[in-house]
Trainee: 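Once you've had a glance at the structure underneath, I'll fire off some questions.
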Amino acid sequence: MTILDGKKVSNEIKNEIAEEVKLMKANGEKVPHLAAVIVGNDGASLTYVGSKVRACERIGFESTMVRLSNTTSEIELLDTIEELNNNDDIDGFIIQLPLPPQINTQKVLMAVNPDKDVDGFHPMNFGKMALDMSTFIPATPFGILELLDRYGVETKGKHTVVIGRSHIVGRPMSILMGRKGFPGNSTVTLTHSHTKNITQITSQADIIISALGIPKFLKAEMVKDDAVIIDVGITRVPDDSEKGYYITGDVDFENVSKKSSYITPVPGGVGPMTIAMLLKNTLLAREQHRKHNR
């Protein structure tokens, strides 16, 4: 069994990007600039955005964090997005989800300029991805592809089962794993909360990508020998420790890992890759803007 070490691979990617940024600086070019908009005081969101800002500093990107109060109206947020769309200094930006209930998330994501949508959530970018066109791939699926690529995990002709159909992970992952090329060319089954006999389906899978958010949902008896397991889930489970919780994924790691050929740990698997690929998308956005302005 091989651990798909997202922490290690993400550091390699960050080092590669840092070298590119050094070259940009040496050539007198503008370095990439990533902005993050956060509405409210959600602890997990603040931690996540903070780690993105630190990652930018480490590799030499410029970064801006735009913090808005929990009572921010939809119009105020849309005005902020319009400012970022029109700010030529900013190459890409993200809207940290979830948003407060008074704001229509879909309307907000639609307002982001697709050329600056480094999260890959805009329908235009999602459509391009579905059509195999060059575009921003959502950071978590992009990170999973990169992990499979760098570890040389064979996907051609394999049966991939995706658990969960969110627009952020499950649905794009099902499209990407079935596309032509590597990683891809697999036969994909997309499962979700209404799927019947899910064990029957997962036990036939060569590759399982679980993005459900239910702790330890995937048990050893649901997995065949030598399956590849990608665990996207991350849940805080309360316990009696000093922190008051432990972090676990969708997979019963202890038992499933004994049967699998490759598996991602939680934490340290898919999570670090998400931030690395967000940075990669920002670098791509900078390159596009540079070409466009020539």
Trainee: Hydrophobic cluster mates of Ile201, side-chain heavy atoms under 4.5 angstrom, ILVMFWY only, any path?
Mentor: Met1, Ile3, Val161, Ile163, Ile198, Ile208, Leu212, Ile214, Phe217, Leu218, Met222, Val223, Ile229, Val251, Phe253, Val256, Ile263

Trainee: In terms of heavy-atom contacts, does CG of Leu131 have more than 12 from other residues, nucleotides or ligands at under 6.0 Å?
Mentor: yes

Trainee: Decide if atom NZ of Lys22 counts as having more than 12 heavy atoms of other residues, nucleotides or ligands within a radius under 6.0 Å.
Mentor: no

Trainee: Is a side-chain donor or acceptor of Asn27 paired with a backbone partner of Leu23 at a separation under 3.5 angstrom?
Mentor: yes

Trainee: Please write out which residues are connected to Met110 in a hydrophobic cluster, directly or through intermediates, given that two of Ile, Leu, Val, Met, Phe, Trp, Tyr count as joined at side-chain heavy-atom separations below 4.5 angstrom.
Mentor: none

Trainee: Among Asp89, Asn87, Asp91, which one satisfies side chain to side chain donor-acceptor pair (under 3.5 Å) with His33?
Mentor: Asp89

Trainee: Applying salt bridge (charged side-chain N to carboxylate O under 4.0 Å, His left out), which residue pairs with at least one partner in residues 61-88 are found, sequence neighbours left out?
Mentor: Glu74-Lys107

Trainee: Could you go through Arg54 and Glu57, starting from their C-alpha distance and side-chain angles, then the distance that decides it, and tell me whether this counts as salt bridge (Lys or Arg N to Asp or Glu O under 4.0 Å)?
Mentor: CA-CA 5 Å; Arg54 285 192 299 278; Glu57 285 168 5; over 6 Å; no

Trainee: Any sub-3.5 Å donor-acceptor pair from Thr264's side-chain atoms to Val270's backbone N or O?
Mentor: no

Trainee: Distance alone, cut at 3.5 Å: any donor-acceptor contact between the side chains of Ser261 and Asp226?
Mentor: no

Trainee: Kindly work out whether a path of hydrophobic side-chain contacts (I/L/V/M/F/W/Y, heavy atoms less than 4.5 Å apart) joins Val266 to Leu148.
Mentor: no

Trainee: Partners of Arg290 by salt bridge (charged side-chain N to carboxylate O under 4.0 Å, His left out), sequence neighbours excluded?
Mentor: Glu29, Glu287

Trainee: So which atom in Pro32 and which in Leu283 form the shortest heavy-atom distance, rounded to 0.1 Å?
Mentor: CG-CD1, 3.9 Å

Trainee: Could you give all pairs that pass the salt bridge (charged side-chain N to carboxylate O under 4.0 Å, His left out) test and reach residues 141-154, with sequence neighbours left out?
Mentor: Glu12-Arg150, Glu16-Arg150, Glu146-Arg150

Trainee: Is there a donor-acceptor pair closer than 3.5 Å between any side-chain N or O of Lys116 and the backbone N or O of Leu84?
Mentor: yes

Trainee: Between the main-chain N or O of Pro114 and the side-chain N or O of Asn125, is there a donor-acceptor pair closer than 3.5 Å?
Mentor: yes

Trainee: Determine, stepwise, if the pair Met177 / Leu145 fulfils side-chain contact (heavy atoms from CB on, under 4.5 Å).
Mentor: CA-CA 8 Å; Met177 289 302 286; Leu145 293 180; 4.2 Å; yes

Trainee: How about Met24: does its CE atom have over 12 heavy atoms from other parts shown lying under 6.0 Å from it?
Mentor: yes

Trainee: Search all heavy atoms of Ser241 against all heavy atoms of Asp239 and return the closest pair with its distance.
Mentor: OG-OD1, 2.7 Å

Trainee: Of the non-hydrogen atoms in Lys259 and Glu221, which two are nearest, and what is the gap between them?
Mentor: NZ-CA, 4.4 Å

Trainee: Between CG of Leu97 and OG of Ser45, what distance do you get to the nearest 0.5 Å?
Mentor: 8.0 Å

Trainee: Given 3.5 Å as the limit, does a donor-acceptor pair link the side chain of Asp250 with the main chain of Gly213, or not?
Mentor: yes

Trainee: Any chance you could lay out the side-chain contact (heavy atoms from CB on, under 4.5 Å) test for Lys25 and Val21, step after step, and finish with the verdict?
Mentor: CA-CA 6 Å; Lys25 284 181 176 171; Val21 172; 4.2 Å; yes

Trainee: Checking side chain to side chain donor-acceptor pair (under 3.5 Å) against Asp206, which of Lys224, His159, Lys158 comes through?
Mentor: Lys224

Trainee: How far does CD1 of Ile103 sit from OG of Ser73, to the nearest 0.5 angstrom?
Mentor: 7.0 Å

Trainee: Please test Val228 against Tyr262 for side-chain contact (heavy atoms from CB on, under 4.5 Å), starting from the C-alpha separation and ending with a verdict.
Mentor: CA-CA 5 Å; Val228 176; Tyr262 294 89; 3.9 Å; yes

Trainee: Is the backbone N or O of Val188 less than 3.5 Å from a side-chain atom of Thr160, with the two atoms forming a donor-acceptor pair by type?
Mentor: no

Trainee: Is it the case that Thr235 and Thr248 place a side-chain donor and acceptor less than 3.5 Å from each other?
Mentor: no

Trainee: Say whether, by atom type as modelled, one donor and one acceptor occur between the side chain of Arg165 and the main chain of Val169 under 3.5 angstrom.
Mentor: no

Trainee: Ignoring hydrogens and angles, tell me if any N or O in the side chain of Asn41 forms a donor-acceptor pair with the backbone of Ser69 under 3.5 Å.
Mentor: no

Trainee: Using modelled atom types and a 3.5 Å cut-off, is there a donor and acceptor pairing between side-chain atoms of Asp119 and backbone atoms of Ile94?
Mentor: no

Trainee: First locate atom CG of Asp225, then atom NZ of Lys258, and finally report the distance between them rounded to the nearest 0.5 Å.
Mentor: 13.0 Å

Trainee: Please find the pair of heavy atoms, one from Leu279 and one from Lys14, that lie closest to each other, and give the distance.
Mentor: CD1-CG, 4.1 Å

Trainee: If you take all heavy atoms of Asn281 and Val118, which pair is closest and at what distance?
Mentor: ND2-O, 2.9 Å

Trainee: Looking only at heavy atoms, which two atoms of Gly181 and Asn185 are closest? And how far apart?
Mentor: N-ND2, 3.2 Å

Trainee: With distance as the sole test, does His289 use its side chain to make a donor-acceptor pair with the main-chain N or O of Ala285 at under 3.5 Å?
Mentor: yes

Trainee: Hydrophobic cluster membership, with links at side-chain heavy-atom distances under 4.5 Å among I/L/V/M/F/W/Y: are Phe142 and Tyr151 in one?
Mentor: yes

Trainee: Who else is in Met65's hydrophobic cluster (ILVMFWY, side-chain heavy atoms under 4.5 Å, direct or via others)?
Mentor: Ile38, Leu46, Val49, Val53

